[in-house]
Amino acid sequence: MFDMMGMMGKMKEVQAKLKEAQDNLQHITVSAESGAGLVKATVNGQRKLLKIEIDESLLNVNDREMVNDLVVAAVNNAMHSATERAQEEMKKHTSGLLPNIPGLDLSNFGL
């Protein structure tokens, strides 16, 4: 027999764990570089850009397009790494809480 009350309790537990995991994402920081370390971007697990560091040698370069490209590449690399770390963190906090149901897509929750 299907235990509706048990299922509701389990869902509340899952919601609480998801909320806790999502709140913890702000404490994850990831940095990535481009241009052999000339540009460094740091983002958190919530994919918010925290810091951009540009090597002083680039500040005198007349090739603005190259500098822009290096900044974009560093930020994109950091965002990609932060997404992967956030997914790992979410899975760690919710492992064992949800059954493995084929076709159930929880990617919107970072899982």
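Values below: all heavy atoms of this structure, side chains included; hydrogens, waters and symmetry mates excluded.
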task: Sorted by first residue and then second, give each salt bridge (charged side-chain N to carboxylate O under 4.0 Å, His left out) pair with at least one member in residues 36-49; sequence neighbours left out.
output: none
Sequence neighbours left out, cut at 3.5 Å: what donor-acceptor pairs do the side chains of residues 72-83 make with other protein atoms?
residue, atom, partner, partner atom, Å
Asn76, ND2, Val72, O, 3.4
Asn77, ND2, Ala73, O, 3.2
His80, NE2, Glu84, OE2, 2.9
Ser81, OG, Asn77, O, 3.2
Thr83, OG1, Met79, O, 2.9

Results of side-chain contact (heavy atoms from CB on, under 4.5 Å) for Asp63 - residues two or more places apart only: Val61, Glu65, Met66
field: All side chain to side chain donor-acceptor pair (under 3.5 Å) counterparts of Asn24, not counting sequence neighbours
entry: His93
Without placing hydrogens or testing angles, list every side-chain donor-acceptor pair under 3.5 Å for residues 25-39, not counting sequence neighbours.
residue, atom, partner, partner atom, Å
Gln26, NE2, Asp23, O, 3.4
Ser31, OG, Thr42, OG1, 2.8
Ser34, OG, Leu70, O, 2.5

query: Heavy-atom distance under 4.5 Å between the side chains of Leu50 and Val43, does that happen here?
result: no
query: What residues form a salt bridge (charged side-chain N to carboxylate O under 4.0 Å, His left out) with Lys92, not counting sequence neighbours?
result: Glu89
